[in-house]
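Since the structure comes first, as structure tokens, the remarks are kept for the end.
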There are 2 protein chains.
Amino acid sequence: MNHVKQAKRTTIYDLAELAGTSASAVSAVLNGNWKKRRISSQLAEKITKIAEEQGYALNMQASLLRREKSHIIGMIVPKYDNRYFGSIVELFEDMARARGLFPIITCTRRDPELEIEAARTMLSYQVECLVATGATDPDKITEMCAAAGVRSLNLDLPGALAPSVISDNFAGARELTRRILMNCEKRLGKKEPLLFIGGRGSDHNTAERIRGWRQAHADLGVPVEEDLILACGYAPEKAEKALEAMALKGNAVSGGMFVNSTISLEGVIRWIRRSGDLDDRNLVLGCFDWDPFVTLLGNGIEMVRQDVPGMLAKVFEIIESGESKPQVVKLPPIFIN
Amino acid sequence: MNHVKQAKRTTIYDLAELAGTSASAVSAVLNGNWKKRRISSQLAEKITKIAEEQGYALNMQASLLRREKSHIIGMIVPKYDNRYFGSIVELFEDMARARGLFPIITCTRRDPELEIEAARTMLSYQVECLVATGATDPDKITEMCAAAGVRSLNLDLPGALAPSVISDNFAGARELTRRILMNCEKRLGKKEPLLFIGGRGSDHNTAERIRGWRQAHADLGVPVEEDLILACGYAPEKAEKALEAMALKGNAVSGGMFVNSTISLEGVIRWIRRSGDLDDRNLVLGCFDWDPFVTLLGNGIEMVRQDVPGMLAKVFEIIESGESKPQVVKLPPIFIN
DNA sequence: AATTCTTGCTTCATCGATTGAGCAAGCTTG
DNA sequence: CAAGCTTGCTCAATCGATGAAGCAAGAATT
């Protein structure tokens, strides 16, 4: 069939010629609405066979140009280096395909400029809808989409201009903090103010988690110490350095810790291991987010798992409802055990 | 500017009308080759300004239809649930963009049908090149691409019909096995045959790793036991069940283990923790692949890290060279410490 | 003053698929 | 048997961007 290094791809015109019919008939047959267009099943079969023989592949660009809807849905995601975003992307692809949509996903490494650039590119590709996950400036993206008449949604981090689906960070952090404090009491015999480490003070989720962290301290009558809030960013190295700095200032790092992401936890554990004088057993840890290996770390680290399937179900529900006015949907995160 | 809920997106014709000029001039200005086409900088500036005001976004479908090259590069990837594929995807996106290519990535969950379906879709989108990562049937994908005159490459798992870039699994497994056996001697006082667990016996990498595992046993004069090869698949539950079954058969699980992926390791560790009678300390583990938390597990688990940057550099080198005859490039994996 | 060159545009065909409109042949119906 | 209906197709315009070819007006050259 394809002995020749074909420079040109096979088009419906080639198939039409081979079948001795018109391009229009070929198109109708191959995109499935030949019944509507009253093409005989004989011809349909013939065309299908020839198309297969020739290894015909639709030119989506041409098809999309002509049609009104692209059926492309875009997603912007910050990183692939943790289970949370990994599962979001995997499930998003699945759910999109199940709905006849073609997902395109771009990783923007928490870089504001790349986010904008990625959004612009996706608009060029005629996405029907853009989901901005954990975006640093979701409203800017919403504005760009609005200007192009494209729907947008925020996931994980909320925006003011489009529907947002996020975890209930306040409630989650409050419960996580409560659990860490209870563990402190159980294991160390006393409830002491917890260290809060990781994340960006400027992002909504971190702010809400700090609020929940505060609330839980209040609930249990434990004083909070402002110096113990280290919103140093997400990267492991940043957490490690922040702890280093804290230790150098002479503040003994002890008691309990609220770690704001698995990525930060990586740095925290590394630091703990490096500073040999600390035993894991007298540090009581909790982490906002989930990773299977952390469970297996075996230090009884308390974790909250964000409800990814629930969030994505909500995302597609909003998309399908056609709703586009700003609202924040908060889903309770899940406590394992 | 955009007070009106525009049903239609702004096109170069709209801009041309607003600027009192032709669509062709607008096109030339906006795609940057207006100098070549002798458009005055005055007009160029005017058009640029109007385009910005109107929030114009190129219709990529139309543009691509007309141009000869799409500058789209596709990648198929099995899963997002581990650091290896996560870093491949993240770096691939980066490197593609750095080369002026637009990456589209699809996760196929190790599902052969989805792989084919995804490849077909990518061809429809006129990818210039398709990288099949860890594909179950890479040659089928290569054939499809070849029929469409599109280049393809295999990553992680090799194929017979296209250039493949993979880890040197044999050498990696041999060295990993050697290290585990040495650790056995050091910690348990004896070198005993290792258990091999995880992966699919049918895939090239697993077969090569088993070969390396065998070789290392031979190198050190340790007999191998065929019953100890459990190529049960990758999922954690499968590894867990395989160990369960082995234990039920009365074979004591003890000594050392070669675990074929972090995903399988998850199941292994879970099983170890569940079967309380085993202490981590008398099990000597090694894992082909890397995860930061595994390092932190602290059981002295030996790990090999595949050279993702090296592999992707090679992938793009091959793409740029235009080479497309089958060859297998093997990169040595990296041992931490 | 006549010719050629340069500048700065416009015109129009094109990419491949889609679809409303149209048309010819055969079949029904009164 | 003429008028209308059905069946099974084809024609041609269209989507938006692109670029080769062309054209008019002014500048430079002889």
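Worth saying up front: this structure is predicted, and the values here are computed from it rather than measured.
- Rounded to an integer number of Å, the gap from CH2 of A:Trp34 to P of D:dC9 is 10 Å.
- Nearest heavy atoms, A:Leu157 versus A:Ala135: CD1-O, 3.5 Å.
- The line from CE of B:Met122 to OG1 of B:Thr106 is 3.5 Å long, rounded to the nearest 0.5 Å.
- Side chains of A:Gln306 and A:Ser167: a donor-acceptor N/O pair is present below 3.5 angstrom, by distance only.
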**OP:** Assign a letter to each nucleotide of nucleotides 5-11 of chain C from its 5' end: B, base within under 4.0 Å of a protein heavy atom; S, sugar-phosphate only; -, no contact.
**Re:** --BBBBB
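- Counting any heavy atom pair closer than 4.0 Å across all strands shown, B:Leu30 reaches no nucleic acid atom.
- Heavy atoms of A:Ser27 sit under 4.0 angstrom from at least one base atom.
- Residues B:Lys69 and B:Arg67 have side chains not in contact (no heavy-atom distance under 4.5 Å, counting atoms from C-beta outward).
- Not one side-chain nitrogen or oxygen of A:Asn31 sits closer than 4.0 Å to the OP1 or OP2 atom of C:dA17.
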**OP:** Go through the steps for A:Tyr234 and A:Asp81 under the test side-chain hydrogen bond (donor to acceptor under 3.5 Å, both in side chains), then give the verdict.
**Re:** CA-CA 11 Å; A:Tyr234 287 103; A:Asp81 66 357; over 6 Å; no
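- Under 4.0 angstrom from either OP1 or OP2 of C:dT14 there lies no side-chain N or O belonging to A:Tyr13.
- Sorted by first and then second residue, the side chain to side chain donor-acceptor pair (under 3.5 Å) pairs with a member in residues 129-138 of chain A read A:Glu115-A:Thr136; sequence neighbours excluded.
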